[in-house]
Amino acid sequence: MTKSALQIARATYKPKVPRTLEGIVKIEEGKSTQSVSHQEAIQKEFPNTYGMPLITFVAGTEKKQYSAVNVGVILSGGQAPGGHNVIAGIFDGIKAMNPDSRLYGFILGPGGLIDHQYIELTADIIDEYRNTGGFDIIGSGRTKLETKEQFEKGLVILKKLNIKALVIIGGDDSNTNACVLAEYYAQKGAGVQVIGCPKTIDGDLKNEMIETSFGFDTACKVYSEVIGNIQRDCNSSRKYWHFIKLMGRSASHIALECALQVQPNICLISEEIEAKNQSLDDIIQYIADIVAKRAENGNNFGTVLIPEGLIEFIPAMKKLIHELNEYLAHYEEEFKRIKRSHQLAHITDKLSFENSKIFARLPENVARQLTMDRDPHGNVQVSLIETEKLLAEMVGKRLTEMEKEGKFKGKFASLVHFFGYEGRCAAPSNYDADYCYSLGYTAAGLIGFGKTGYMSSVRNTTAPASEWIAGGVPITMMMNMERRHGDMKPVIQKALVKLDGGPFKTFAAHRDAWAIDTDYVYPGPIQYFGPTEVCNQPTITLQIEQKELHQND
Ligand code: FBP
């Protein structure tokens, strides 16, 4: 494999770890825990793994003798920078406990466990991937590990390879399933421990004990670099409004963090739009008013950040999508037989009066995306809807009207962007490289101490790495009951942007000034070598959240 000079230099980087992980480790167990809500129902579902204590690794004095252990690892869901370092951390951790331990990687996600596709991850393979982005060491996949049949198929290969512990690196759903699997194997006495690791660039797997999911730091820094470059460009030519959609599925954490980093003219936060019950027209008017105001100062340019999941948070759009789903679920075949040029008119007729009005006003491409791109469950795939185009076009139309009404005197030309895949496999920042390696090493420690049903946790990460606190959090502690496919199910609670939280309040306090003044920040590329204030800063979101937490201590 040919490598760039940076890759070669980066391969030698030694991730920083909590001081406690460097020496002899023992565990301290806290009080027994409870789920965030629905305690009785969740305890019933997890009789073996509910209520376990929080675990903290502390410095020990007596060296424990560990037997060799075979461990399996799975990367689940969307890529996130740092996954390779989690695997390197697990590898080094189990080898430090006993050099005869072995690590197996299941290929292309949970499907690899079910279909018995695996490779042994040896030292030479691991060394190739240290501090690199991507999940390509073993690949990832979105197969959900949720049925007994799958668990049993998995057990066959785990037994064959004598694997005593499985680490599942994934988001909230994958970790929920990791917990179900841990419970199943515990109940069965299968002798397989299951440990989770918090991954997702979306940043929505976080809570009291999990400060952040890995990958969020790097992805936001990559997007912020590029948005900063765009801001320099638009401040140079002064002729375009850039509409930039950012990944993040539901929650707006990525958009919010990027806004804090680059100080754009506009950033929409889905959670706020839902809370204020805003319509698409309200959003269009909000943007158009800022465009008009900036035009008064001769600034016919700007940036608008749009969270990927926006459309589903606009209450009226949510209703429209719901009705479209219902209609298409029942009449898909009939709809497909209609001539393409008549399809939109046909569906408009079938919708309720309110929804048909909204649908008829949508640009044709977006209306078509809403009718065509549905997932296997019959839902519209909101991530494929070009919200950035929708907003740019509708703002353009509204400004034409405002011009006639004498409310806009200026020029409006727009460009659209979608940043998502550009950042998901970036080489991890120092923060993510260190955090991920520590998460992996901690997962190995939890295995060494015989734990199951835990998520690897590394906290206090705004302090220097030596002061980070490593341990384990019972996954059941993060759960509540939610309706899924019509039934109430125990799931890890997803973290949306809190409107009373510090990161949003900081943004809200500045956004009116950022809208009108051109006060852009150009963060530049991630730096791996150099002064600590340049290379080792965590996200602004995390810094604000940690400050708030410690103020309340
Ligand atoms: P995870 O929740 O699995 O971490 O994936 C997050 C994500 O990157 C979202 O931001 C995005 O909406 C989605 O994956 C895209 O999925 P895909 O990779 O299947 O196109």
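Each ligand, and each atom within it, is numbered from 1 in the order the structure gives.
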**Request:** Considering only non-hydrogen protein atoms, determine which one is nearest to atom 10 (O) of ligand 1 and report residue, atom name and distance to 0.1 Å.
**Result:** Asp202 OD1, 2.6 Å

**Asked** What residue and heavy atom of the protein are closest to atom 8 (O) of ligand 1, and at what distance?
**Response** Arg424 NH1, 2.9 Å

**Request:** Decide whether the shortest distance between a heavy atom of Gly171 and an atom of ligand 1 is less than 4.0 Å.
**Result:** no

**Asked** Do Ile157 and Tyr104 come close enough that some side-chain heavy atom pair is under 4.5 Å?
**Response** no

**Close-contact set for ligand 1 against Gly77 heavy atoms, below 4.0 Å** = 3 (O)

**Prompt:** According to the interplanar angle, ranging from 0 to 90°, do the rings of Tyr437 and Tyr441 count as parallel (below 30°), tilted (30 to 60°) or perpendicular (above 60°)?
**Reply:** tilted

**Request:** For the pair Lys3 and Glu128, find out whether any cationic side-chain nitrogen is under 4.0 Å from an anionic carboxylate oxygen.
**Result:** yes

**Prompt:** Is Gln79 near ligand 1, meaning one of its heavy atoms is under 4.0 Å from it?
**Reply:** no

**Request:** Give the numbers and elements of all ligand 1 atoms closer than 4.0 Å to a heavy atom of Thr200.
**Result:** 1 (P), 2 (O), 4 (O)

**Request:** For atom 11 (C) of ligand 1, find the nearest protein heavy atom and state the residue, atom name and distance (0.1 Å precision).
**Result:** Glu308 OE1, 3.6 Å

**Item:** Nearest protein heavy atom with distance in Å, relative to atom 3 (O) of ligand 1
**Value:** Gly78 N, 2.7 Å

**Message:** Within the supplied structure, the quantity of interest is the number of heavy atoms (other residues, nucleotides, ligands) at a distance under 6.0 Å from Tyr522 OH; does it exceed 12?
**Reply:** yes

**Asked** Just by distance, do the side chain of Glu482 and the backbone of Gln493 share a donor-acceptor pair under 3.5 Å?
**Response** no

**Request:** Among Leu205, Asp432, Thr541, find the one that has a side-chain contact (heavy atoms from CB on, under 4.5 Å) with Phe216.
**Result:** Thr541

**Fill in**
atom 20 (O) of ligand 1 sits nearest the protein heavy atom Tyr421 OH, 2.6 Å

**Message:** Is the positively charged end of Arg10 above the ring of Tyr13, judged by distance under 6.0 angstrom from the centroid and angle within 45° of the axis?
**Reply:** yes

**Asked** Of all the non-hydrogen atoms in the protein, which one sits nearest to atom 14 (O) of ligand 1, and at what distance?
**Response** Arg142 NH2, 2.9 Å

**Message:** Looking only at side-chain N and O atoms, does Asn177 offer a donor or acceptor that is under 3.5 Å from a partner on Ser174?
**Reply:** no

**Asked** For Lys199, is at least one N or O under 3.5 Å away from an N or O on ligand 1?
**Response** yes

**Test item, Ala80 contacting ligand 1 (heavy atom, 4.0 angstrom)** = no

